[in-house]
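One structure below.
Atoms considered below: every heavy atom in the structure, side chains included; atoms not considered: hydrogens, waters and symmetry mates. So that the names make sense, note that chain A is the first sequence line, chain B the second, and so on, each numbered from 1. Predicted model only: the values in this text are computed from it and were never measured.
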Protein chains: 2
Amino acid sequence: MVPLSSYKDKKVITIGVTSELTGLSERQIRYYEERKLIFPERTKGGTRKYSFRDVERLVEIANKIEDGMQTFEIRREEIKKANIREKMLRGQLNAAFKMRK
Amino acid sequence: MVPLSSYKDKKVITIGVTSELTGLSERQIRYYEERKLIFPERTKGGTRKYSFRDVERLVEIANKIEDGMQTFEIRREEIKKANIREKMLRGQLNAAFKMRK
DNA sequence: CGTGTAAGGAATTCTGACACG
DNA sequence: CGTGTAAGGAATTCTGACACG
């Protein structure tokens, strides 16, 4: 009954619908992918598929760009956050398993 | 932050992806719509869009058909359930507002 | 840099019908 | 009854490029 990955993360939405949901043009959405801010999946035929989480992320990206932030800055910010999360996780794992050093 | 209608109910999935998610053929999915068991939305262009809830419902329908149930029986069953729900709701409203006859 | 657009092609979807049963 | 399929057309999406700036 409970889906393996939440509906929110399942990549099932076409770029057309994603465009409607976000208010962004398809051009913008594809460009943000080019700048490595978003990572849709593809059908066998090559059509892009987005998740609801992607839709949310796109809206956030759009807001930051409106605020004058550039794509590379947004990307850098994301990488930094991911690194912090990774370090914290590593620390917790080390503590839990007493494997430090 | 909280979406008006849950992700589960938003109709955003194409018939191709729905077919993959359910394991049903597009023909089957369209037929169940013809028999009024499922109600996708449409894009301006006429392309069908399904929700995750629709996907779940489709799997249930498929199971019942596998068990030998016919589409009209499944539909009758759904209508009966809806009627029961409607009666219970009406009763609660009447009790709450003291408007019973 | 971020985005619009025209271009040509390919993938996707649509409907109505015939087929089997 | 439920489903497969071929048919022709329309809607959707894709990529690479030119444009503006």
Inset, instruction - Give a yes-or-no answer on whether the side chains of B:Y31 and B:R35 include a donor-acceptor pair shorter than 3.5 Å. - result: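 Result is yes, a qualifying pair exists.
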Legend entry - A:S6 and A:D9: side chain donor to acceptor below 3.5 Å: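 No pair is found: no donor N or O on one side chain lies under 3.5 Å from an acceptor on the other.
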Legend entry - Flag if over 12 foreign heavy atoms under 6.0 Å of NZ, B:K49: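 Yes - once you tally the heavy atoms of other residues, nucleotides and ligands closer than 6.0 Å, there are more than 12.
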Inset, instruction - Might you confirm whether atom CZ of A:R90 has over 12 heavy atoms from other residues, nucleotides or ligands at distances under 6.0 Å? - result: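 No.
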Inset, instruction - Take B:I74 and B:Y32 through the side-chain contact (heavy atoms from CB on, under 4.5 Å) test and state the conclusion after the steps. - result: CA-CA 10 Å; B:I74 300 175; B:Y32 300 154; over 6 Å; no
Inset, instruction - Could you tell me whether the side chain of A:K10 reaches within less than 4.5 Å of the side chain of B:L21, counting heavy atoms only? - result: yes
Inset, instruction - Evaluate the side-chain proximity of A:E33 to A:Y50: yes if any heavy-atom separation is below 4.5 Å, no if none is. - result: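 With C-beta onward as the side chain, the pair touches.
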Inset, instruction - Look at A:T47 and D:dT12 and indicate whether a side-chain polar atom (N or O) is within less than 4.0 Å of OP1 or OP2. - result: no
Inset, instruction - State whether A:T14 places a side-chain N or O below 4.0 Å from either non-bridging phosphate oxygen (OP1 or OP2) of C:dT12. - result: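 Answer is no, no contact under 4.0 Å.
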Inset, instruction - Give the intermediate values and the outcome of side-chain contact (heavy atoms from CB on, under 4.5 Å) for residues B:S19 and B:I29. - result: CA-CA 7 Å; B:S19 170; B:I29 298 173; 4.1 Å; yes
Legend entry - Nucleic acid contacts - residues 61-72 of chain A versus DNA chain D, non-hydrogen atoms under 4.0 Å: none
Inset, instruction - Determine, using ring centers only, whether B:Y7 and A:Y7 are less than 6.0 Å apart. - result: no
Inset, instruction - Whenever both distances are under 3.5 Å in a Watson-Crick or G-U wobble pair, mark it; put DNA chain C into dot-bracket that way, with [ ] for crossing pairs and | when the partner is on another strand. - result: .||||.||.|.|.||.||||.
Legend entry - Residue A:R48, side-chain heavy atoms: nucleotide from D:dT15, D:dT12, C:dC14 that is nearest: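 Nearest to the side-chain atoms of A:R48, counting from C-beta on, is D:dT15.
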Legend entry - Candidates B:E34, B:Q28, B:E26 - the one meeting side-chain hydrogen bond (donor to acceptor under 3.5 Å, both in side chains) with B:R30: B:E26
Inset, instruction - Would you kindly give the NZ-to-P distance between B:K36 and D:dG2, to the nearest whole Å? - result: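 Taking atom P of D:dG2 as the reference, NZ of B:K36 is at 15 Å.
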Inset, instruction - Grab the CZ-C1' distance between B:R42 and D:dA10 for me, whole Å please. - result: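 Checked: the CZ to C1' distance equals 13 Å.
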Inset, instruction - Start with the C-alpha gap between A:V12 and B:F52, add the side-chain angles, then the distance that decides, and say whether side-chain contact (heavy atoms from CB on, under 4.5 Å) holds. - result: CA-CA 10 Å; A:V12 297; B:F52 282 110; 3.7 Å; yes
Legend entry - Of residues 24-34 of chain A, the positions that come close to DNA chain C - non-hydrogen atoms, cut-off under 4.0 Å: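 Heavy-atom cutoff 4.0 Å gives A:S25, A:R27, A:Q28, A:Y31, A:Y32.
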